[in-house]
Enquirer: 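Handing you this structure, nothing more for now.
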There are 2 protein chains.
Amino acid sequence: MSGDTRARILAEALRQFAARGFDGTTISSIERGVGLAEGTGSFYRHFPSKRAVFDAVVEHELARLRAIRPEREPRGADGGTRPLSERVADDLRFLREVRPLVEILIRERDGMPHVAERVRDVLVERGLAGIAGDLATCGERGGEDPAAAATVLLCATVGYFLTTEFFGELPGGVDVERYAGTLARLLGGS
Amino acid sequence: MSGDTRARILAEALRQFAARGFDGTTISSIERGVGLAEGTGSFYRHFPSKRAVFDAVVEHELARLRAIRPEREPRGADGGTRPLSERVADDLRFLREVRPLVEILIRERDGMPHVAERVRDVLVERGLAGIAGDLATCGERGGEDPAAAATVLLCATVGYFLTTEFFGELPGGVDVERYAGTLARLLGGS
DNA sequence: GTCTATACGACGATAGAC
DNA sequence: GTCTATCGTCGTATAGAC
């Protein structure tokens, strides 16, 4: 039960960094969160510094997200191209998993530009490439400017996620399925 | 030159709160930013506490944004309905003005839920209502679900803003005009 | 591996001279 | 209205007993 204290610190630190930021999180509050006595330096038996646990949290999250990122243009045997609306719904589910790291990135992106770049790589770069592929393999109209249409698809997806997560429920209460369906329809997919 | 120290503190505090957050901003750094000697309590001759200047900054920004928010469904004499793409570009220009307050809101939204609600009102609520009006007055197709189409328009606009501001340049380098034009075309507007 | 105790610095805030 | 000086508190981190 005590051998995995390091892992419990990692999970607790992720929660607190995402909720209250780096400065708003204290060693004492992490200790309390994992059941250690507050104010004692027991934390330091597992990590050498606050910054060290922060870096470890980011690395751990990046590795986890790379593992669960939805596959684009599946190379599997089925080969069937799923409707665009289902792919948008996939992306929105994936974005929910990314939320803690995005929360950390938004608060702490100054002073950690390398992390910003790696998150950007996982989310934006691969997202756009995959979305452009979606539009192509679906054979849908991208209009006269398919590259810009792919950008619209990406921004509309990320925008729905950020707006609902950071500003609360959307007016009109458009849920994920309805949103994904409408977006796909506007882009010409089913 | 010294009578407006209070106003200079307000402007400097806005900059620092947006760039480094509430905790990351110190009274000393504000004093230094406005030319006062660092570490002296001169700040306190103008505001009673750090929290007080924070609240004043938020109020000041909210008032400024309400004043410059782009008018929807103009009641002016011209009466001409501008193309949807120009309205999207208007919104994106407005969002650039909102950036400091959004930056503050994203970092500090816990512990100031009333502010989150007021910003949400200025941006999302009125934004959606105005956008729905845009779609209606433009007489464009919203597809089979005009309300959801309006939500897509809003999220695509906010998403472009947040993605470029927080994650840097978009891959493919789609600029504002190209993005606004493509988005309007997909929604059926010119 | 967890505790007691503490050193050290940073920051918010106040008192009071000028 | 700005400065000098200082108090109190909190947070990171370390030393060392158990």
Side-chain angles (χ1 to χ4, degrees), chain A residues 1-60 100 103-104 107-112 115, chain B residues 1-61 103-104 107-112 115:
Chain A
M1 171 72 105
S2 64
D4 59 345
T5 303
R6 187 194 147 94
R8 309 222 322 283
I9 288 178
L10 266 182
E12 180 67 19
L14 171 65
R15 279 220 318 256
Q16 295 199 19
F17 285 142
R20 302 199 285 271
F22 185 81
D23 291 342
T25 300
T26 69
I27 304 295
S28 293
S29 69
I30 294 175
E31 286 171 336
R32 189 161 58 80
V34 299
L36 293 170
E38 201 169 348
T40 77
S42 298
F43 165 90
Y44 292 98
R45 294 288 167 175
H46 305 276
F47 291 94
S49 70
K50 190 181 178 181
R51 175 73 198 197
V53 74
F54 180 82
D55 291 341
V57 160
V58 171
E59 289 306 319
H60 192 264
E103 201 115 27
I104 287 172
R107 290 174 189 255
E108 250 67 56
R109 67 190 186 285
D110 353 285
M112 41 179 272
V115 174
Chain B
M1 172 68 109
S2 64
D4 60 345
T5 303
R6 187 194 146 94
R8 309 221 323 283
I9 287 178
L10 266 182
E12 180 66 19
L14 171 65
R15 279 220 320 256
Q16 294 198 19
F17 285 143
R20 302 199 285 270
F22 185 82
D23 290 343
T25 300
T26 69
I27 304 294
S28 294
S29 69
I30 294 176
E31 287 171 337
R32 188 161 56 82
V34 299
L36 293 170
E38 202 169 347
T40 78
S42 299
F43 165 90
Y44 292 98
R45 295 287 168 175
H46 304 276
F47 291 94
S49 70
K50 188 182 179 181
R51 176 74 197 198
V53 74
F54 180 83
D55 291 341
V57 160
V58 171
E59 289 305 319
H60 192 264
E61 257 325 78
E103 201 114 30
I104 287 172
R107 291 175 189 255
E108 250 67 56
R109 68 190 186 285
D110 352 285
M112 42 178 272
V115 174

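Below, all heavy atoms of this structure are taken into account, side chains as well, without hydrogens, waters or symmetry copies. Below, chain A is the first sequence line, B the second, and so on; all start at residue 1.
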Enquirer: Judged by atom type as modelled, is there a donor-acceptor pair below 3.5 Å linking the side chain of B/Thr25 to the main-chain atoms of B/Gln16?
Expert: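 Present.
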Enquirer: Write down the distance between NZ (B/Lys50) and P (D/dT9), rounded to a whole number of angstrom.
Expert: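 B/Lys50 atom NZ is separated from D/dT9 atom P by 18 Å.
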Enquirer: Could you tell me how far apart B/Tyr44 (OH) and D/dC7 (P) are, to the nearest whole angstrom?
Expert: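 Answer to the nearest Å: 17 Å.
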Enquirer: I need the CZ-P distance between B/Arg45 and D/dT2, as an integer number of Å.
Expert: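 So the two atoms are 10 Å apart, to the nearest Å.
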Enquirer: Have a look at B/Thr25 and say if it touches a base, only the backbone sugar-phosphate, or nothing, with a 4.0 Å heavy-atom cut-off.
Expert: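 Sugar-phosphate contact only.
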Enquirer: Think B/Ser42 has a side-chain N or O under 4.0 angstrom from the OP1 or OP2 of D/dT2?
Expert: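 Answer is no, no contact under 4.0 Å.
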Enquirer: In whole Å, what is the span from the CG atom of B/Asp4 to the P atom of D/dT2?
Expert: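 From B/Asp4 CG to D/dT2 P: 10 Å.
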Enquirer: Just checking B/Thr26: base, sugar-phosphate only, or nothing, at a heavy-atom cut-off of under 4.0 Å?
Expert: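 It contacts sugar-phosphate atoms only.
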Enquirer: Answer with yes or no whether A/Arg8 presents, from its side chain, a donor or acceptor under 3.5 Å of a partner atom in the base of C/dG1.
Expert: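 Donor-acceptor pair under 3.5 Å: no.
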Enquirer: Send over the distance from A/Phe54 CZ to D/dT12 P, rounded to a whole Å.
Expert: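 After rounding, the gap between these two atoms is 14 Å.
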Enquirer: Would you kindly give the NE2-to-P distance between A/His46 and C/dG1, to the nearest whole Å?
Expert: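 So the two atoms are 6 Å apart, to the nearest Å.
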Enquirer: Give a yes or no on whether a salt bridge exists between B/Glu103 and A/Arg109, defined as a side-chain N under 4.0 angstrom from a carboxylate O.
Expert: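 Yes, this pair counts.
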Enquirer: At their closest point, which heavy atom of A/Arg6 faces which heavy atom of A/His46, and how far apart are they?
Expert: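 So the two residues come closest at NH1-O, 3.7 Å.
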Enquirer: Whole-Å distance between D/dT2 P and B/Arg6 CZ?
Expert: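 My rounded result for the distance is 14 Å.
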Enquirer: Search all heavy atoms of A/Ala13 against all heavy atoms of A/Val57 and return the closest pair with its distance.
Expert: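 Closest heavy-atom pair between A/Ala13 and A/Val57: CB-CG2, 3.9 Å.
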Enquirer: Of all the choices, C/dG16, C/dA13, C/dC3, which nucleotide is nearest to the side chain of A/Thr40 once you look at every atom?
Expert: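 Out of C/dG16, C/dA13, C/dC3, the nucleotide with an atom closest to A/Thr40's side chain is C/dC3.
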Enquirer: Among the nucleotides C/dC11, D/dA13, C/dC3, which one has an atom lying closest to any side-chain atom of A/Ser49?
Expert: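 Nearest to the side-chain atoms of A/Ser49, counting from C-beta on, is D/dA13.
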Enquirer: Between P on D/dT2 and CD on B/Glu38, what's the gap in Å once rounded to a whole number?
Expert: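 Between P of D/dT2 and CD of B/Glu38: 16 Å.
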Enquirer: Quick one: closest heavy-atom pair of B/Asp110 and A/Ala19, and the distance?
Expert: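 In terms of heavy atoms, the two residues are closest at OD2-O, 3.2 Å.
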